[in-house]
Amino acid sequence: MDTDVLVVGAGPTGMTLAGELLTAGASTVLVDRLPRRSDLSKAGGVQSRTLEAFDQRGLLEPLLATGDHPVSTGHFAGIPLPDQPGRHHLPWRSVPQVVIEELLERHLAARGVHIRRNHDLVGLAQDDAGVTDAGVADAGVTANAVTDAGVTATFADGTTVRSRYLVAADGAHSTVRSLLRAAFPGEPGTLTIIAADVRLGGADPSASHTWTEDGHWAALFPLGTDPEGRPLRRLVLGGPGQSLPRETPVTEDDIRRGLRTVFGTQTHLLELRYARRITNASRQIERYRHGRVFLAGDAAHVHLPLGAQGMNTGIQDAFNLGWKLGAAVRGRAPAGLLDTYHAERHPAGAAVLRNVRAQSLLMDWAGTREPDVLAAREIFTDLARLPDVRRHLAGLMSGMATRYPMPGSELHPLVGLPAPDLDLGASGRVHELLRSGRGLLLDPAGTYAQAVVPWSDRVDRVGEAGLAGSDTGTGAEPMLIRPDGYVCWAGAGGARPEPALAHWFGDPR
Ligand SMILES: Cc1cc2nc3c(=O)[nH]c(=O)nc-3n(C[C@H](O)[C@H](O)[C@H](O)COP(=O)(O)OP(=O)(O)OC[C@H]3O[C@@H](n4cnc5c(N)ncnc54)[C@H](O)[C@@H]3O)c2cc1C
């Protein structure tokens with residue numbers, strides 16, 4: 001084996017995953033076909049759950065220190081969502097994707113992982129027939145069964161890398177997905193819109209989304225500032241006549257014309273930094289696992305970039321998969337653990353595709369101005385004034401309401417959701433304690449000190465002594481938290497944690 005896990009693609013998904021693998025004690029090789037990091041502007045919005053996950057790895061402070069990243073309410077179909085859930089409320093931030101990628105690359109380099117660039121994957125072969133036909137069980141990859149079986153990846157220059165597992169984080173046009181001939185069902189693109197990073201002059205349109213009577217529209221989002229401190233905006237343009245083939249270059253004239261059509265002469269273009277056409281294709285891979293190969297990020301799901309979902313979803317895929325692969329290569333994975341990646345992340349991806357479709361309809365991105373669509377939007381806008389509706393939508397968009405099934409635990413309001421970032425006084429915050437990449441048992445009444453001993457090489461415990469001075473004291477709920485920050489057991493009602501410990505952390509023997 002050259003490495004435990006080969007990660008193909010050094011976008012935000014691949015780099016997050018490489019970091020998670022290191023944290024979980026797996027060796028990793030991260031490759032990308034590009035000679036250098038792309039400076040194309042893509043994502044601009046980072047959701048609460050991503051910010052929390054970064055906090056759980058000590059990356060939040062360095063991220064916020066990279067510049068002035070405006071806080072925003074986030075939105076659903078352009079309707080602002082002021083109520084972001086989460087105990088410590090990390091609101092949506094506007095952070096350009098390039099900044100996130102720079103940070104992740106820097107942190108990987110500091111931990112000794114340097115992206116192998118100019119590595120264009122062109123072939124792969126799995127040599128373990130038991131697991132190639134995918135997805136159903138962990139056949140051959142059960143607890144403590146680390147074998148020599150693996151995957152051989154071939155690159156355009158003829159070199160190869162052999163690994164126990166391979167993760168495809170190679171983006172929307174994934175080569176790995178094609179090589180696997182993996183089903184990627186969904187709808188093809190039916191329209192394109194323009195996305196551009198701009199500096200604007202003249203009157204600053206106050207609404208983030210503006211339509212004209214005849215269906216032209218523009219959407220504007222903050223993108224921080226340029227090095228001279230001047231505000232940058234993400235401009236999205238669509239409507240009749242805009243929908244040209246994706247490959248058609250976008251000119252300054254296209255942008256000027258679009259601005260004039262929607263805003264008249266009051267707003268004008270000062271600088272065009274970057275522009276592209278994007279389609280509304282909406283697809284999700286049928287199986288996130290194909291034997292020893294896993295797909296994550298845009299390689300597994302594509303949709304319109306609406307409401308800051310794509311990069312955030314890919315980063316969450318990576319947080320979900322990293323610790324599981326780490327457990328597998330260290331021989332600690334309980335049977336079925338690797339299959340929970342598909343079981344948890346496929347529904348989460350499907351929910352994202354659904355919310356993006358609904359947003360696209362309500363925003364009338366096709367510019368139809370159909371009365372039915374306009375009526376639906378009006379009613380939806382009214383509904384979104386209700387605090388409960390806003391909270392529901394904010395949970396959906398921020399990733400905070402993504403709930404995983406947690407066998408091994410009784411039903412409980414905390415179980416399956418991200419752990420609250422409780423302040424545990426002298427012990428620190430829950431998110432800080434998760435930085436070790438280990439599981440965490442909060443045991444405020446000191447009931448489970450013995451129960452956790454057999455797993456003490458992979459699960460930390462904070463008991464009553466560690467809670468002195470905390471904001472909840474010994475009244476906090478006992479709970480078991482997975483390394484990705486999700487509560488997998490909560491002990492109200494006297495239920496014992498051992499079944500959940502065994503289910504998620506394996507056989508202690
Ligand atoms: C205009 C726009 C705005 C967006 N806004 C947002 C937003 O606000 N919030 C949000 O969450 N998302 C947003 N997105 C989506 C987001 O940019 C993507 O979801 C994100 O880049 C996906 O990350 P990834 O790492 O999965 O894939 P990518 O970023 O596409 O990275 C894939 C990497 O794989 C490499 N690769 C490909 N093929 C091979 C191969 N054969 N061998 C080796 N390497 C290979 C590529 O070179 C690339 O570096 C936006 C997208 C666009 C276009």
Side-chain angles (χ1 to χ4, degrees), residues 6-18 29-51 69 72 74-75 92-101 104-105 115-124 153-157 159 161 166-179 192-197 219 221-223 234-237 246 250 273-281 285 295-318 321 349 352 356 397-399:
L6 173 66
V7 180
V8 184
T13 304
M15 285 197 279
T16 304
L17 181 66
V29 167
L30 174 59
V31 297
D32 201 288
R33 62 153 58 126
L34 295 178
R36 66 189 71 82
R37 186 161 17 86
S38 157
D39 58 359
L40 295 187
S41 158
K42 293 204 261 179
V46 187
Q47 301 281 3
S48 314
R49 181 61 202 134
T50 304
L51 294 169
H69 304 302
S72 154
H75 69 93
W92 201 96
R93 291 274 183 161
S94 299
V95 188
Q97 183 165 330
V98 284
V99 172
I100 292 170
E101 292 188 10
L104 292 173
E105 186 168 355
I115 300 165
R116 294 191 192 170
R117 298 210 168 269
N118 297 306
H119 272 61
D120 187 6
L121 178 129
V122 293
L124 69 90
T154 309
F155 297 92
D157 62 2
T159 56
V161 171
L166 181 149
V167 182
D170 53 346
H173 306 284
S174 168
T175 309
V176 174
R177 197 177 61 222
S178 308
L179 291 168
T192 61
I193 53 175
I194 291 176
D197 293 358
F221 308 94
L223 263 193
R234 161 73 44 74
L235 168 70
V236 190
L237 289 169
R246 197 164 61 90
V250 182
R273 298 170 71 93
Y274 159 76
R276 68 194 291 189
R277 293 179 203 276
I278 44 188
T279 82
N280 62 342
I285 195 151
L295 293 103
D298 278 13
H301 36 74
V302 295
H303 50 76
L304 265 176
L306 253 180
Q309 299 292 288
M311 176 186 71
N312 287 277
T313 308
I315 287 174
Q316 291 306 320
D317 290 345
L321 181 58
V352 168
V356 170
M397 300 297 287
S398 62

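We count ligands from 1, going down the list as the structure has it; atoms in each ligand are counted the same way.
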Original post:
To the nearest 0.1 Å, how far is atom 28 (P) of ligand 1 from its closest protein heavy atom, and which atom is that?
Top reply: Lys42 NZ, 3.9 Å
**OP:** For the residue pair Phe155 and His119, categorise the inter-ring angle as parallel (less than 30°), tilted (30 to 60°) or perpendicular (more than 60°).
**Re:** perpendicular
Original post:
With no hydrogens and no angle check, is any side-chain donor or acceptor of Arg93 less than 3.5 Å from a backbone partner on His69?
Top reply: yes
Original post:
Numbering the atoms of ligand 1 from 1, which are under 4.0 Å from a heavy atom of Ala169?
Top reply: 32 (C), 33 (C), 34 (O)
Subject >> Shortest protein contact, atom 27 (O) of ligand 1 (heavy atom only) >> reply: Gly171 CA, 3.7 Å
Subject >> Per-residue contact class, Gln47 against ligand 1 - non-hydrogen pairs under 4.0 Å >> reply: neither
Subject >> Close approach, Arg276 and ligand 1, non-hydrogen under 4.0 angstrom >> reply: yes
Subject >> Arg234 to ligand 1, any heavy atom closer than 4.0 Å >> reply: yes
Subject >> Nearest option to atom 47 (O) of ligand 1, as decided by whichever heavy atom of Val8, Asp32, Leu121, Val31 sits closest >> reply: Asp32
Original post:
Within less than 4.0 angstrom of ligand 1, does Gly314 place any heavy atom?
Top reply: no
Original post:
Between Ala299, Pro305, Gly307, which one has a non-hydrogen atom sitting closest to atom 50 (C) of ligand 1?
Top reply: Pro305
**OP:** Give the contacting part of Ala195 toward ligand 1: side chain, backbone, both or neither, where contact means a heavy-atom distance below 4.0 Å.
**Re:** side chain
**OP:** May I ask you to check whether over 12 heavy atoms, not counting those of Arg37, lie within 6.0 Å of atom CZ?
**Re:** yes
Original post:
Heavy atoms only: which of His173, His303, Met311 is nearest to atom 15 (C) of ligand 1?
Top reply: Met311
Subject >> Which residue and heavy atom of the protein sit nearest atom 21 (O) of ligand 1, plus the separation >> reply: Gln97 NE2, 2.8 Å
**OP:** Identify, by atom number and element, the atoms of ligand 1 in contact range of Thr13, meaning under 4.0 Å from any of its heavy atoms.
**Re:** 23 (O), 24 (P), 25 (O), 26 (O)
